[in-house]
Amino acid sequence: LNITDYQNADMKRFINNQLMETNEVVRKRCPAISLSCHVLYSLLTEKVPHDKVAITLSDLLQLLDAVKDHGLSTNVSEITSYITTLSDKGLLIFFHNADPSESWIVLKQDVLLEKVNGALFAPASFPEHRHHLVSNTGIIPISELQKIFPNYDI
């Protein structure tokens with residue numbers, strides 16, 4: 001063995017140690033998303049029509065019944081847990097309600113954040129300003145959003 005071989009071996013050990021330390025830090029700071037979450041997210045991105053802005057939890061449960069061999073449980077509490085994890089990671093937005101037909105999964109966050117917030121909170125001088133839609137609870141009826149955004153399937 002020559003000096004270059006020792007240097008290469010030391011460098012490999014150093015890089016390996018650095019990678020292991022970095023991996024450990026990432027694991028501690030960012031808990032892993034389970035395989036079930038990955039499968040569910042893949043189903044949402046591949047099987048839900050791309051023009052859909054949001055679906056209900058009931059819609060998702062129907063989708064899971066229709067799609068076979070996905071390997072996911074159809075237990076509502078487990079699916080809710082997976083959706084909550086995906087929402088916590090910023091992949092979608094989940095508005096949970098005890099009634100699955102009233103729980104919403106927003107798939108197109110950009111539409112909600114950019115278009116809806118822009119329409120509601122724009123300065124009064126902007127033509128997109130729609131402050132009158134906001135009730136004292138901050139809840140906007142879907143029917144009103146459908147009027148403003150007819151190009152989206154809400």
Inset, instruction - Indicate whether any N or O donor in one side chain lies under 3.5 Å from an N or O acceptor in the other, for Thr56 and Asp59. - result: yes
Inset, instruction - State whether the side chain of Gln109 and the backbone N or O of Ile93 hold a donor-acceptor pair below 3.5 Å, judged by distance alone. - result: no
Legend entry - Beyond-backbone contact of Pro49 with Lys52, side-chain heavy atoms, under 4.5 angstrom: yes
Inset, instruction - Rounded to the nearest 0.5 Å, what's the gap from CG on Leu60 to CH2 on Trp104? Could you check? - result: 12.5 Å
Inset, instruction - Could you tell me whether a side-chain N or O of Ser103 sits under 3.5 Å from a main-chain N or O of Leu57, the two making a donor and an acceptor? - result: no
Inset, instruction - Only counting residues at least two apart or in another chain, list the ones meeting side-chain hydrogen bond (donor to acceptor under 3.5 Å, both in side chains) with Asp65. - result: none
Inset, instruction - Please answer whether the main-chain N or O of His50 pairs with a side-chain N or O of Lys108 as donor and acceptor at a distance below 3.5 Å. - result: yes
Legend entry - From Leu64 atom CG to Thr74 atom OG1, the distance as rounded to the nearest 0.5 Å: 7.5 Å
Legend entry - Single hit among Leu63, Val106, Leu92, Val48 for side-chain contact (heavy atoms from CB on, under 4.5 Å) with Ile55: Val48
Legend entry - Atom pair NE2 (His70) and NZ (Lys47), whose distance is rounded to the nearest 0.5 Å: 11.0 Å
Inset, instruction - Could you grab the distance from atom CG of Leu86 to atom CG of Leu44, nearest 0.5 Å is fine? - result: 7.5 Å
Legend entry - Sequence-distant partners of Tyr82, ring pair (Phe, Tyr, Trp, His ring centres under 6.0 Å), two or more places apart: none
Legend entry - Test item: Thr80 side-chain N/O and Val76 main-chain N/O as donor-acceptor pair under 3.5 Å: yes
Inset, instruction - Supply the atom-to-atom distance Tyr41 OH to Leu107 CG, rounded to the nearest 0.5 angstrom. - result: 8.5 Å
Inset, instruction - Supply the atom-to-atom distance Ser58 OG to Asp99 CG, rounded to the nearest 0.5 angstrom. - result: 6.5 Å
Inset, instruction - Grab the two heavy atoms, one from Ser42 and one from Thr45, that are nearest each other, plus how far apart they are. - result: O-OG1, 3.1 Å
